[in-house]
Amino acid sequence: MKYKTYIIKFICTLSLFASLGCEDTLDVTASDAFSEDLVYSDPDQVENLVYTAYNSTEGWSVNRFNWWGRRFNIEAASFEAKFNFNDLDQFRLRAEWTPSNVGVLADKWQNYFDYVRSINEFLDRIDNSGAMAKDPDQTNVLKAEMRFLRANVYRKLINYFGGVPIMEHALGLDDDFNLVRNSYEECVDFIVNELDEAIVYLPTDRPGDEFGRATKLSALAVKSRTLLYAASKLHDPSYAPSNDPLYTYNKPNKWLDASNAAKAVIDMVGYRDLISVANAKDYQDLFLSPNQDILFARPYGAEYYEFGLDANSLWDLTQSPNGYGGWALSSPTPAFTMQFNMNDGSSTSSSAFNPDEINENREMRYYANLLFNGADFRGRNVQYYLSDDVNTYPHGLDSPEGTGNALHSSKTGYNIRKFQDENVEVAGGISPQRPFILFRLAEIYLNYAEAQYHLGNEALALEALNKVSKRALQPVINTSGTDLLEAIRRERRVELCFEGHNFFDERRWMIESHLGMQIDGLKWKKASDGTEYYNIEPVVTRPWSDKMYYLPIPQTEVEKAPSIKQNYGY
């Protein structure tokens with residue numbers, strides 16, 4: 001893919017800033033070899049600036065500017081999972097967030113606004129550029145891509161911080177840097193308007209070698225998620241932790257707007273079924289290569305990993321169990337794994353679930369997404385167990401007494417299988433164009449189902465919900481009322497797991513039992529008769545405070561611009 005080469009160069013530049021070498025791909029041409037006027041005079045040169053801005057979409061890492069943060073994502077701070085290595089508190093979820101310390105979530109404010117600034121510089125110059133005069137059709141598409149990317153950055157900013165300053169132009173030396181935050185509603189309106197403007201010029205689809213670049217569907221998907229989040233309980237003035245315009249969204253038609261945004265995507269694809277699968281392996285493969293259900297993604301491959309040439313930032317190494325030489329950095333929580341149904345559609349709270357056979361007869365996605373004791377993975381069964389009698393049976397290869405670094409052994413009795421390509425090596429294996437999926441059609445059907453439920457249209461909600469559930473080989477869901485709402489939420493948790501949704505979903509739903517909680521682990525043992533069994537033991541406890549619905553504004557930013565109001569509770 002053409003634009004990946006430029007992404008490498010940009011990331012390598014950043015890695016030099018972080019004192020990490022990347023000389024083999026760094027473009028060492030003097031920065032003043034070409035004037036900005038020359039760059040903006042030609043559409044192909046302008047396109048190179050757009051390629052660089054695609055770094056704002058992020059990928060497998062929660063923070064590429066942090067050594068640890070390059071190797072796991074936000075799932076380790078959600079109901080889904082915990083950070084595993086040595087039980088370190090990388091997200092400071094067991095301590096207290098402060099304006100000076102939010103663990104690996106640091107830099108979000110600065111990094112996102114760095115992208116806003118660079119995109120603004122582009123947008124300030126492009127209309128009067130030689131490129132626009134030379135080829136307005138091509139250049140207007142590039143401009144639309146930049147507006148799309150800026151809107152997507154603002155979407156992420158308001159998810160983490162609530163209302164933030166809206167900056168449509170790059171600040172100059174004579175400008176007022178004493179910025180104030182816009183309201184959450186103003187930010188949502190800005191994002192939606194930017195996307196609507198971009199959709200006019202973005203192409204309907206892209207050729208294969210442009211996989212990863214924005215289309216009309218990409219922009220509509222960002223709009224759908226933005227309006228769904230805005231309509232949610234967290235932003236309702238009656239429930240928001242602080243009834244402040246920085247956090248509230250009070251439009252009377254908010255659920256209709258969210259529904260219409262999702263329906264726009266659905267109409268464009270013809271309300272088609274999701275790609276069908278016959279088994280867990282087919283489902284697992286959907287996340288390893290481009291396909292028609294992906295609306296926007298970041299491609300990976302031999303030319304581009306997460307951080308320059310740092311191949312050990314890929315999930316095959318960072319998420320595989322220790323016995324395979326993996327780092328197992330995000331351990332799924334047993335409470336989250338109980339969200340996966342039985343294969344007959346019944347829940348784990350039903351009589352169909354046998355806690356003595358916890359891994360038997362579960363729904364297909366359990367086997368596609370999770371590694372558990374006994375799972376068939378890379379040519380052998382996963383072995384989390386410690387032996388009661390090492391003279392009869394040795395300790396399991398993936399146990400705290402197994403091979404590899406024991407500090408990486410799973411503390412919960414689970415690891416993540418999703419996104420791993422078992423056809424490549426654990427360390428540094430590369431799949432052609434393996435995508436980090438940012439938006440896909442299954443999410444849109446779930447967005448639509450949730451919006452229709454809140455509009456009181458349960459039949460339409462069920463229709464969209466079953467588009468996702470039936471593809472997962474589950475029986476048709478036919479429920480109503482609060483049971484239907486819980487079915488929609490469960491389906492989001494399971495279908496979209498480890499894709500960066502749950503951290504924000506549980507917050508916008510304000511389900512505090514999934515935010516502050518005790519995390520247990522399944523401690524597997526092997527008896528002298530060969531029987532494998534587990535005990536449930538507490539691992540860590542996450543306290544909860546209402547202020548943790550949002551990150552604090554970094555203290556350094558408040559000191560630079562005292563007019564920026566700090567977030568509630570900090």
Side-chain angles (χ1 to χ4, degrees), residues 10-11 13-20 52-53 55-58 61-70 72-74 76-77 83 88-121 149-150 152-184 186-187 190 241-242 244-247 307 503-504 507 545-570:
F10 177 70
I11 292 179
T13 302
L14 295 177
S15 67
L16 285 175
F17 181 78
S19 300
L20 296 174
T52 299
N55 284 298
S56 65
T57 63
E58 299 179 310
S61 66
V62 69
N63 184 348
R64 68 165 56 95
F65 301 95
N66 175 281
W67 189 90
W68 274 118
R70 289 198 292 277
F72 54 91
N73 213 320
I74 197 71
F83 182 78
L88 296 177
D89 191 15
Q90 291 283 2
F91 291 92
R92 282 184 62 87
L93 295 175
R94 305 197 302 270
E96 181 174 328
W97 284 347
T98 70
S100 300
N101 194 342
V102 291
V104 292
L105 292 175
D107 305 321
K108 289 294 184 187
W109 180 280
Q110 177 181 337
N111 293 340
Y112 289 155
F113 273 113
D114 281 346
Y115 287 119
V116 170
R117 176 189 52 76
S118 63
I119 293 171
N120 282 346
E121 289 175 352
L149 292 169
R150 182 172 66 178
N152 191 51
V153 171
Y154 265 98
R155 175 190 62 82
K156 294 185 288 186
L157 276 165
I158 65 173
N159 289 346
Y160 278 114
F161 298 102
V164 296
I166 295 174
M167 294 188 288
E168 299 185 66
H169 302 281
L171 292 175
L173 293 176
D174 297 326
D175 291 320
D176 181 7
F177 286 82
N178 212 17
L179 302 170
V180 295
R181 298 170 64 181
N182 290 81
S183 72
Y184 179 84
E186 289 170 336
C187 291
F190 172 72
S242 174
D244 186 310
L246 289 173
Y247 317 111
F307 196 87
F503 178 90
F504 301 105
R507 278 169 167 76
S545 169
D546 281 355
K547 69 181 183 180
M548 295 179 74
Y549 280 115
Y550 298 98
L551 293 178
I553 309 299
Q555 184 62 34
T556 53
E557 300 300 324
V558 175
E559 290 172 355
K560 286 189 292 186
S563 58
I564 292 181
K565 182 179 178 181
Q566 182 56 270
N567 265 336
Y568 166 80
Y570 298 101

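The structure displayed is predicted, hence computed values, not measured ones. Worth knowing before you read on, the calculation uses all heavy atoms, side chains too, and leaves out hydrogens, waters and symmetry mates.
Considering all non-hydrogen atoms of both residues, V153 and V116 come closest at CG1-CG2, 3.8 Å. Closest approach of K547 and G569 over heavy atoms only: CD-O, 3.5 Å.
Proximity of a side-chain donor or acceptor of Y247 to a complementary backbone N or O of Y568 within less than 3.5 Å is detected. One N or O on the side chain of S183 and one on the backbone of E186 form a donor-acceptor pair closer than 3.5 Å.
Defined by atom type and a distance below 3.5 Å, a donor-acceptor pair is missing between the side-chain atoms of N120 and R117.
Residues V62 and Q90 form no side-chain contact, since every pair of their non-hydrogen atoms from C-beta on lies 4.5 Å or further apart. Between P552 and T98, the closest side-chain pair of non-hydrogen atoms is not below 4.5 Å. Counting heavy atoms from C-beta outward, W97 and Y550 have side chains that stay 4.5 Å or more apart. Within the 4.5 Å cutoff, no side-chain heavy atoms of E557 are placed close to those of F113. Taking the side chain as every heavy atom from C-beta outward, Y570 and Q555 never approach each other to under 4.5 Å. Two residues are said to be in side-chain contact when any heavy atoms from C-beta on lie closer than 4.5 Å; V164 and W109 meet this criterion. Side-chain contact between R181 and I553 is present, with heavy atoms from C-beta onward closer than 4.5 Å. Side-chain contact between N63 and L105: absent, with no pair of heavy atoms (C-beta onward) separated by less than 4.5 Å.
Classification of the W68-F83 ring pair by plane angle, with boundaries at 30° and 60°, yields perpendicular.
With E58 as the partner, the salt bridge (Lys or Arg N to Asp or Glu O under 4.0 Å) test is satisfied by one option alone out of R64, R155, K156: K156.
Checked against the 6.0 Å centroid criterion, the rings of F190 and Y154 qualify as a close aromatic pair.
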